[in-house]
Amino acid sequence: MANFAKSTVPRFSVEVYQNEYLPEGGREVNAIVTVTSTGGGTTGGMPIPAIPAPAPPRDQGALPRDQGGGAAVVIMVDCSGSMDYPPEKMRNARDATAAAIDAIRDGVAFAVVAGTHKAAEIFPGEGRLATADPATRARAKDALRRLSADGGTAIGTWLRLADRLLASADAPIRHGILLTDGRNEHEEPGELRAALEACAGRFTCDARGVGTDWEVKEVTGIASALLGTADIVADPSNLAADFTRMMDAAMGKEIADVALRVWTPVGAEVAFVKQVAPAVEDLTDRRTEAGARAGDYPTGSWGDESRDYHLCVRVPAADVGQEMLAARVSLVLPQHDPQHAGLPATLAQGLVRAVWTEDMVASTAINPQVAHYTGQAELAQAIQQGLDARKAGDTDGATAKLGRAVQLANASGNEDTAKLLAKVVDVVDVATGTVRLKAKVAEADEMTLETRSTKTVRVKR
């Protein structure tokens, strides 16, 4: 039976929430742009012709170039010596990788990499990917017995090998899952940065830290650069469930390399673009020019999901009664990519307006969505600054910042973050943000708060 590519891709919609009114001479326009993709697969999207995918060769399901089907995934497992302390950590990592392999959809290209001070292919080997089916999944899980803890940690080498493997399949959806339990001590920081720069835009990657001996900013930096998620798995026994969720999410992606394109008129400029839900991610510096007065901001791969973006545009000052189109926001696909042949260049778009008025009530009102996500971005920043101050021994600074975070979490209804904060501070008064630093804080609790500080809640509309 032939293996067919999916016959639909998601439908995208764009909604803009803003207060378009500015006072005379006002220049700053803020808007929340909600992007939603629905359909693809089974729930109805944009139809495209079904393209037969070549059957995999018989040699262990290995894929030669150009036979990657719709998706490819590489699992990178830390096998440094520290993974043997305690021994259950390595066993849990093997079990988690096996669970992730079980969640790989038939026809998807995949590989498993063991990461130490170098990167080694555990399955299928020889610079190839395998095509997922019952036989290759069984062989891959059997190969996991070769995962053993020994050596150091050089994450940049893991990422570069994953990039080479994923590129060999020419699959439109390219994804990595990376697990580490320690700091990146066996390569220079610049080497990891260079690897991330080389891999950015080529594949997405979810990163997880297991235990408490790893560096939060390293793991979150990997996920940020590669448009994936980051989290802590403090208890290694929870790895299998987390790996399964990550792989299920990866298998739900239907279309890759979607960009948020922002066009502004003459005299206007983009101040910033931030993803604000489901997590805060500043995209401003990732702009690539896309013609006259337009720039593209990467958003990665999409399945059935919705995300919110905060756009701030500076416009020329104008008199009362004037109005203008401040920005046009579009979801676009790169047309040079043959994987997007037959799909529209623009998937959806929305408009951001500016209207100058003498009505002070109208011009000073803050849009609820803008206010909510401005608070969520401040919440993430306050947590990070507060924890940094605490580590530096600045008790007053840490108390002030974490107190503000408690206040913001309560005001926005971010209950999960409020619970994490309560493990780091004693809350005296929620409304005023009055707190006391706890004398003793479990390292896992502090790392969990830091890792999840950018996670947000959606505004209630």
Side-chain angles (χ1 to χ4, degrees), residues 6 9-14 33-41 45 68 70-76 108-109 159 162-163 166-167 169-178 195-208 219-231 245-262 273-288 290 295-311 329-337 339-340 343 345-348 454-456:
K6 287 181 178 292
V9 295
R11 291 184 182 276
F12 283 83
S13 64
V14 171
V33 180
T34 296
V35 178
T36 303
S37 69
T38 56
V73 61
V74 173
I75 306 170
M76 293 161 274
V108 169
L159 294 168
D163 183 34
L166 291 167
D170 268 354
I173 305 292
R174 303 170 301 278
H175 192 75
I177 289 176
L178 184 149
L196 290 171
E197 290 173 4
C199 296
R202 293 174 59 81
F203 67 95
T204 56
C205 184
D206 295 323
R208 294 294 185 268
V219 170
T220 56
I222 291 166
S224 174
L226 302 182
L227 299 175
T229 65
D231 208 349
R245 285 191 296 269
M246 278 193 290
M247 189 61 77
D248 284 342
M251 293 299 97
K253 301 300 183 183
E254 303 285 354
I255 190 167
D257 302 325
V258 179
L260 190 74
R261 178 169 295 173
V262 180
V273 176
K274 297 178 182 178
Q275 178 185 285
V276 288
V280 177
E281 188 66 60
D282 195 341
L283 302 176
T284 309
D285 293 338
R286 304 190 192 186
R287 176 185 174 110
T288 57
D296 286 353
Y297 301 85
T299 68
S301 302
W302 288 74
D304 282 353
E305 58 190 295
S306 182
R307 306 179 201 170
D308 291 340
Y309 298 87
H310 185 173
L311 170 64
V329 183
S330 308
L331 269 294
V332 299
L333 292 172
Q335 291 304 290
H336 60 78
D337 190 335
Q339 300 288 351
H340 297 143
L343 296 177
T346 301
L347 300 171
T454 59
K455 295 185 184 297
T456 59

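Source: prediction; values computed, not measured. Atom set for the values below is all heavy atoms of this structure, side chains included, hydrogens, waters and symmetry mates excluded.
A donor-acceptor pair is defined here as one N or O able to donate and one able to accept, closer than 3.5 Å; no such pair exists between the side chain of Thr204 and the backbone of Leu226. Of the possible donor and acceptor atoms, none in the side chain of Asp296 sits under 3.5 Å from a partner among the backbone N and O of Thr288. Here the side chain of Arg174 pairs a donor or acceptor atom with the backbone of Arg202 at under 3.5 angstrom. Side chain of Thr36 to main chain of Ser306: no donor-acceptor pair is present (N/O by atom type, distance under 3.5 Å, no hydrogens or angles). With Thr456 contributing its side chain and Pro278 its backbone, the two residues share a donor-acceptor pair below 3.5 Å.
Between the OH atom of Tyr297 and the CG atom of Asp285 there is a distance of 9.5 Å, given to the nearest 0.5 Å. Distance check: Leu166 CG to Ile173 CD1 gives 11.5 Å after rounding to the nearest 0.5 Å. Taken from CG in Asp282 to CD in Gln275, the straight-line distance is 11.0 Å, to the nearest 0.5 Å. The CG atom of Leu333 sits 10.0 Å away from the CZ atom of Arg261 when rounded to the nearest 0.5 Å.
The heavy-atom pair separating Val74 from Ala162 by the smallest distance is CG1-CB, 4.0 Å. Nearest heavy-atom pair across Arg287 and Val262 is NH1-O, 4.3 Å. Shortest non-hydrogen contact noted between Thr299 and Leu227 is C-CD1, 4.0 Å. Considering every non-hydrogen atom in both Ser330 and Thr346, the closest pair reads CB-CG2, 4.1 Å. Residues Met76 and Cys205 share a closest heavy-atom pair of CE-SG, 4.0 Å. When all heavy atoms of Ala171 and Ala71 are compared, the pair lying nearest together is CB-C, 3.6 Å.
In this structure Ser13 satisfies the side chain to side chain donor-acceptor pair (under 3.5 Å) test with no other residue, sequence neighbours excluded.
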- Query: Given the rule in the side chain to side chain contact (heavy atoms under 4.5 Å, CB included) test, do Leu283 and Leu260 qualify, once you have shown the distances and angles that lead to the verdict?
  - Reply: CA-CA 10 Å; Leu283 302 176; Leu260 190 74; 5.6 Å; no

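Using a 4.5 Å heavy-atom cutoff, the side chains of Tyr309 and Val329 are not in contact. The closest side-chain heavy-atom distance from Val33 to Asp308 is not below 4.5 Å. Here the side chains of Phe203 and Leu159 are in contact, with some heavy-atom distance below 4.5 Å. Between His310 and Val280 the shortest side-chain heavy-atom distance does not fall below 4.5 Å. Side-chain contact check for Asp304 versus Glu254: every heavy-atom pair is 4.5 Å or farther apart.
Using a cutoff of 4.0 Å between basic side-chain nitrogens and carboxylate oxygens, Glu281 and Arg307 are not scored as salt-bridged.
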